[in-house]
Amino acid sequence: MAVMSMAAVLKMHADADPDRPMITCEGQSISRRDFDLSTNRLARAYQALGVSEDDLVTIALPNGIEFYQAVVATWKLGATPQPVSAKLPDAELQAIVELAKPALIVGTARAVVGGRAHVAEGFVPAPDISDAPLPDKITRHWKAPTSGGSTGRPKLIVAKSPAAFDPDAPFMGMTTGQAQLVPGPLYHNAPFSLSMIGLSRGHHLVVMKRFDPQEALALIEQHRVGWVLMAPTMMSRISRLAPDIRARFDVSSIETLWHMAAPCPAWLKQAWIDWLGPEKIWELYGGTEAQGTTLIRGDEWLAHKGSVGKPLDLFDMKILGEDGQVLPAGEIGEIYMRPKAGAGTTYHYVGAEARATSDGFESLGDLGWFDADGYLYIADRRTDMILCGGANVYPAEVEAAIDAHPNVRSSAVIGLPDDDLGNRVHAIVDCFTPMDAEDLIAFVGTQVARYKVPRSVEFVSEPVRDDAGKVRRSELRRVRLAG
């Protein structure tokens, strides 16, 4: 089938099966027909507020039906959705608004928007606004997600691809009409992008406001979910459920489970392979910028444990040392990547410059290595590496060792100043029940070399990673140094 606008795709699905649920969230569903008509009305309401073709629309809504309505209404006007967290502090939202200069902010009534057009969560267009189809438009840039990284300074990552979809094109194991579980926050790129592509394939999206491991299993069983994206944090929380609780739920409907966004410890990946089968477990490595991507299926991973796969044919990747020279297999360096179509063909930044070589290879700041067979392995973020007593300590490796303890829900490892070592390894740990720091340190000592074992442990009562598995180690370090 030909590539078409999302408006045309959704109308096609609505005409084929108008009453089929399109999105379900917390027990509330909207049909394909009602979603299509409601987004026609919402688009006209946005248009009346000043949104036009090629504008940005900042969407600060929580997960739910309303979020998807706002995005699709934006596309129907030829404008670009720019999703952000609905819980952003005023200062962060203001910085993003000043950078993006959106025509409309959806989801806030706060004065921080600086006089720009805005509507609060729950906005409903006037009843006399038409729900007839609008002139068909294909948005030039289909998304513009925000990333602050570890710097605290926001940047927009504006996709070069248009909001055009082929509903029959093979994509990441999706099949037409599946139920897709959406457990991750939609302001993150992967849950946003993959659930939107699911809509184009006629998926019934089963959306979670906030991730809960037992509820996720219940929804998979209830809706016969066939396709799901999870962060390793979610996979870990499900694995921590008591075996008798997990056994209550039938998850045999799952055909494809993807994980990405954060490193997945080998023990956790193995547990899911053992549970669902290796052919169902897929991993993707790459950035929102889409300058390079690797894929690996579970059965392939078993032969290359710890790898995130080989680069797709569309991209070139190489590992560079500090001197800028290409490193041989087995040596850790900075990962650089470039689309074969050329630098800048997949995205552009607003508010930042890429870390790039003279020949157009770009880095996301990750360290890693290739094995002799061309499989990529991730060590850690370049900026998060801890130089401890002259040795390099990669926080992700230590976190994986900590998270292997059955009483640990999540952890983050940072370097703090030390008069003797230069930096000491410090662990921030959220546990299910109180535990002794010495016991945890002793456990980690059985998993990693002595110099990598945390010298200090700080227990906290809140998860240190969000539902997408993201952690800002630089911010955690800044707060502790300031305190």
Side-chain angles (χ1 to χ4, degrees), residues 169-184 190-191 193-195 197-198 201-206 208 211-286 293-312 371 373-378 400 403-404 406 467-469:
F171 188 81
M172 293 179 71
M174 292 183 180
T175 59
T176 302
Q178 283 178 305
Q180 177 186 155
L181 182 68
V182 185
S193 300
L194 297 176
S195 64
I197 292 170
R201 270 59 176 181
H203 281 193
H204 172 202
L205 301 185
V206 181
M208 302 182 73
F211 179 76
D212 175 85
Q214 193 164 327
E215 182 189 357
L217 296 181
L219 291 171
I220 290 170
E221 178 182 63
Q222 178 186 351
H223 296 283
R224 304 302 296 160
V225 166
W227 197 99
V228 61
L229 163 71
M230 288 190 181
T233 300
M234 300 173 185
M235 297 163 66
S236 178
R237 290 177 63 189
I238 289 174
S239 291
R240 302 293 194 197
L241 293 173
D244 63 312
I245 293 178
R246 281 195 289 136
R248 294 177 197 169
F249 302 99
D250 178 7
V251 297
S252 62
S253 61
I254 294 178
E255 298 170 335
T256 307
L257 184 145
W258 285 86
H259 67 86
M260 59 189 77
C264 185
W267 65 266
L268 179 61
K269 181 140 182 173
Q270 184 70 60
W272 277 76
I273 286 173
D274 293 342
W275 186 23
L276 298 184
E279 72 285 351
K280 295 183 178 182
I281 308 296
W282 288 81
E283 180 172 6
L284 179 148
Y285 166 74
T293 301
T294 68
L295 302 179
I296 192 166
R297 198 170 77 168
D299 48 359
E300 195 178 6
W301 182 88
L302 289 171
H304 300 272
K305 288 191 175 183
S307 174
V308 295
K310 285 185 171 181
L312 297 182
D371 67 14
D373 296 321
Y375 285 82
L376 180 65
Y377 298 73
I378 307 300
D403 292 350
D467 282 347

For the backbone of [Y] and the side chain of [X], can you confirm whether one donor and one acceptor N or O come within less than 3.5 Å of each other?
X      : Y      : value
Ser239 : Met235 : yes
Ser307 : Tyr375 : no
Asp250 : Ser252 : yes
Thr294 : Val308 : yes

CZ-CG distance between Arg248 and Leu241, expressed to the nearest 0.5 angstrom: 9.5 Å

Euclidean distance, Leu181 CG relative to Glu215 CD, rounded to 0.5 Å: 9.0 Å

side-chain contact (heavy atoms from CB on, under 4.5 Å) partners of Pro278, counting only residues at least two apart: Ile273, Asp299, Leu302

Residues that Thr293 engages under side-chain contact (heavy atoms from CB on, under 4.5 Å), provided they are two or more places apart: Leu284, Leu295, Leu312, Phe315

Derivation of the side-chain contact (heavy atoms from CB on, under 4.5 Å) call for Trp301 and Ile281: CA-CA 9 Å; Trp301 182 88; Ile281 308 296; over 6 Å; no

Worked check of side-chain contact (heavy atoms from CB on, under 4.5 Å) between Ile254 and Trp275: CA-CA 11 Å; Ile254 294 178; Trp275 186 23; over 6 Å; no

Using atom types as modelled, flag every donor-acceptor pair under 3.5 Å from a side chain in residues 255-269 to any protein atom, sequence neighbours excluded.
{"from": "Glu255", "atom 1": "OE1", "to": "Gln178", "atom 2": "NE2", "distance (Å)": "2.7"}
{"from": "Trp258", "atom 1": "NE1", "to": "Met172", "atom 2": "O", "distance (Å)": "3.0"}
{"from": "His259", "atom 1": "NE2", "to": "Lys269", "atom 2": "NZ", "distance (Å)": "3.2"}
{"from": "Lys269", "atom 1": "NZ", "to": "Glu283", "atom 2": "OE1", "distance (Å)": "2.7"}

Closest heavy-atom pair and its distance - Gly374, Lys310: O-CG, 3.4 Å

Minimal non-hydrogen separation, Phe211 against Pro183, with atom names: CD1-CB, 3.7 Å

Aromatic ring pairing His203/Trp227, orientation class (parallel under 30°, perpendicular over 60°, tilted between): tilted

Intermediate values then yes/no, side-chain contact (heavy atoms from CB on, under 4.5 Å), Ile378 and Tyr285: CA-CA 9 Å; Ile378 307 300; Tyr285 166 74; 3.8 Å; yes

CA sep, side-chain torsions, deciding dist, call: Leu219, Met208, side-chain contact (heavy atoms from CB on, under 4.5 Å): CA-CA 9 Å; Leu219 291 171; Met208 302 182 73; 3.7 Å; yes

With the side chain counted from C-beta on, respond yes when [X] and [Y] share a heavy-atom pair under 4.5 Å apart, and no when they do not.
X      : Y      : value
Ile245 : Gln214 : yes
Gln180 : Arg201 : no
Tyr377 : His304 : yes

